[in-house]
Amino acid sequence: MAVTIKPLHPVFAGEVSGVDLTKPLSRDEVTAIDEGMTKYGVLVFHDQNITDEQQIAFSRNFGPLEVKARPGNIRKASESRLGAGIGDLSNLDKNGKIISADDRQWFFKLGDRLWHSDSSYAEIPAKYSLLSGRVVPSWGGRTEFADMRAAYDALDERTRAEVEDLICEHSQIFSRQQLGFTEYKDEERAMMAPVRHRLVRTHPVTGRKSLFLSAHIGGIVGWPMPEARAFVRDLMEHATQPQFVYSHKWTQYDLVIWDNRTTMHRVRRYDDLNMVRDLRRTTTKSDGPTAEQVAA
Ligand SMILES: [Fe+2]
């Protein structure tokens, strides 16, 4: 059976059929999916009841998995429910119980509700994120995606010239600050020191430009902070208009891949105290830093 892709939205996002992700893929299947990612930025696969090991093996077709120089969460490895190589995006603790509403780790995870690009707070940010829906809530919990290529194309000429060479500072401290979560231990604060990224990225295959926006942005190099934050807020508003957004309603065993270089995403609210949402993520890393890092 050949891999086929059907568009889900006028500007990006496709639905893939004709492939079983529990099995090793042929070179042609990998190429078709990779080309689909280049074109669509987001790909949705249905009915993929895969194990963590199968998800990891599938993800490796698209490059090395992300091994972060710094952790993506304040949770300690010893508290982790899942094994190495797979990220736990659930509302469960290591014993499989729903995390309590006043848990500090849960407050931190709520940052996923803000529009962001995965690992933009790392010097080498993520390329593809691959998210598998093992248990999905019956209400809420959609994942929304926004196409940063279409958002870039729709900027007026003056703004496009203005953003061209800007460098932004990204940190998880900035995204959590927006939610009023500001208390950290010294070692957590050190782990989340800001990194620098270009605001405009160019896709290595297509040469197409896109906005590299994320809730993790807290400043623009050389700009006064209020001016920078007001501008970034304007750009975020522009980039997440409905015409650039695909909203994914999860069905059990969906697997969704997105390109963090060309899209942003956020999770929507759900009944996290009463409903289990067990989503598991693998991540591949992009080729290198987008900007030179200069010690602050
Ligand atoms: Fe994310």
Side-chain angles (χ1 to χ4, degrees), residues 11 41 69-70 72 74 107-108 110-126 144-184 186 188-203 208-245 259-267 286 288-296:
V11 298
R70 52 175 86 188
I74 55 172
F107 292 159
F108 195 82
L110 285 172
D112 291 344
R113 295 252 287 266
L114 306 176
W115 285 108
H116 66 283
S117 174
D118 286 335
S119 304
S120 78
Y121 53 80
E123 283 180 28
I124 300 180
E144 292 183 341
F145 300 92
D147 186 348
M148 295 300 101
R149 305 164 301 181
Y152 175 85
D153 291 346
L155 291 173
D156 65 74
E157 219 168 297
R158 186 185 165 125
T159 311
R160 220 180 289 157
E162 197 172 17
V163 295
E164 178 65 26
D165 291 317
L166 293 182
I167 306 288
C168 295
E169 293 192 313
H170 297 238
S171 164
Q172 286 172 298
I173 288 179
F174 299 140
S175 46
R176 273 62 189 178
Q177 211 171 49
Q178 296 181 47
L179 299 174
F181 183 70
T182 53
E183 284 160 38
Y184 300 101
D186 287 347
E188 289 172 342
R189 206 168 276 282
M191 172 183 106
M192 293 187 278
V195 301
R196 295 180 167 191
H197 288 300
R198 294 187 54 84
L199 180 52
V200 177
R201 291 179 81 174
T202 304
H203 193 281
R208 200 171 164 194
K209 289 183 177 175
S210 59
L211 284 172
F212 192 39
L213 286 169
S214 185
H216 304 308
I217 296 176
I220 299 172
V221 173
W223 285 43
M225 188 179 280
E227 190 73 41
R229 291 202 178 182
F231 185 40
V232 168
R233 190 180 275 240
D234 281 351
L235 291 173
M236 289 290 259
E237 209 169 288
H238 162 79
T240 56
Q241 295 175 83
Q243 65 267 36
F244 308 132
V245 172
D259 189 338
N260 288 291
R261 300 169 303 179
T262 56
T263 62
M264 273 201 296
H265 62 281
R266 66 171 174 180
V267 63
S286 54
T290 71
E292 195 187 339
Q293 305 297 321
V294 180

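Excluded from the calculations below are hydrogen atoms, water molecules and symmetry mates; all remaining heavy atoms, backbone and side chain alike, are included.
The side chain to side chain donor-acceptor pair (under 3.5 Å) analysis of residues 210-227, with sequence neighbours excluded, yields the pairs S120-S214, S175-H216. Screening residues 208-224 for salt bridge (Lys or Arg N to Asp or Glu O under 4.0 Å), with sequence neighbours left out, gives D153-R208, E164-K209.
Taking the side-chain contact (heavy atoms from CB on, under 4.5 Å) definition, one finds that A154 meets it with H238, F244, sequence neighbours left out. N260 meets the side-chain hydrogen bond (donor to acceptor under 3.5 Å, both in side chains) test with S129, W258; sequence neighbours excluded. Taking the side-chain hydrogen bond (donor to acceptor under 3.5 Å, both in side chains) definition, one finds that S286 meets it with nothing, sequence neighbours left out. Residues that satisfy the salt bridge (charged side-chain N to carboxylate O under 4.0 Å, His left out) test with R229, not counting sequence neighbours, are absent from this structure. The side-chain hydrogen bond (donor to acceptor under 3.5 Å, both in side chains) test applied to R201 returns no partner, not counting sequence neighbours. Remark: Q178 pairs with no residue by the side-chain hydrogen bond (donor to acceptor under 3.5 Å, both in side chains) rule, at least two apart or across chains. Among residues two or more places apart in sequence or in another chain, the salt bridge (charged side-chain N to carboxylate O under 4.0 Å, His left out) test is passed with D156 by none. With sequence neighbours left out, R113 forms a side-chain contact (heavy atoms from CB on, under 4.5 Å) with L110, V267, R269, D272.
Heavy-atom minimum distance, M192 versus S171: O-OG, 2.7 Å. Here the shortest heavy-atom pairing between M236 and W115 reads CE-O, 3.5 Å. Between G41 and T263, the shortest heavy-atom contact is O-CG2, 4.0 Å. Closest approach of T290 to P125, counting heavy atoms only: CG2-CG, 4.3 Å. Of all heavy-atom pairs between L235 and V163, the closest is CD1-CG1, 4.1 Å. For the residue pair F231 and E162, the shortest heavy atom distance occurs at CZ-OE1, 4.1 Å.
Side-chain N or O atoms of H197 include one that pairs as donor or acceptor with a backbone N or O of A122 at under 3.5 Å. In this structure a side-chain-to-backbone donor-acceptor pair under 3.5 Å is missing from E183 to F181. Side-chain atoms of Q293 come within 3.5 Å of backbone atoms of R196 as a donor-acceptor pair (strictly under, hydrogens ignored).
Counting only heavy atoms from C-beta outward, the side chains of F212 and R198 never approach each other to under 4.5 Å. Side-chain contact between H116 and H265 is present, with at least one heavy-atom pair separated by less than 4.5 Å. At a threshold of 4.5 Å between non-hydrogen side-chain atoms, the residues R266 and L114 do not count as touching. At a threshold of 4.5 Å between non-hydrogen side-chain atoms, the residues V11 and Q243 do not count as touching. In this structure, R261 and H203 have side chains that are in contact, with non-hydrogen atoms separated by less than 4.5 Å.
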Working for side chain to side chain contact (heavy atoms under 4.5 Å, CB included), residues L155 and L211: CA-CA 10 Å; L155 291 173; L211 284 172; 4.1 Å; yes
Stepwise side chain to side chain contact (heavy atoms under 4.5 Å, CB included) test for L213 and L199: CA-CA 7 Å; L213 286 169; L199 180 52; 3.7 Å; yes
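M148 contributes atom CE, which lies 9.0 Å from atom OG1 of T262 (distance to the nearest 0.5 angstrom).
A side-chain contact (heavy atoms from CB on, under 4.5 Å) with Y184 is found for one member of M191, R189, Q172 and no other, namely R189.
Both the sub-6.0 Å distance and the 45° axial angle are not jointly satisfied by R176 relative to the ring of F107.
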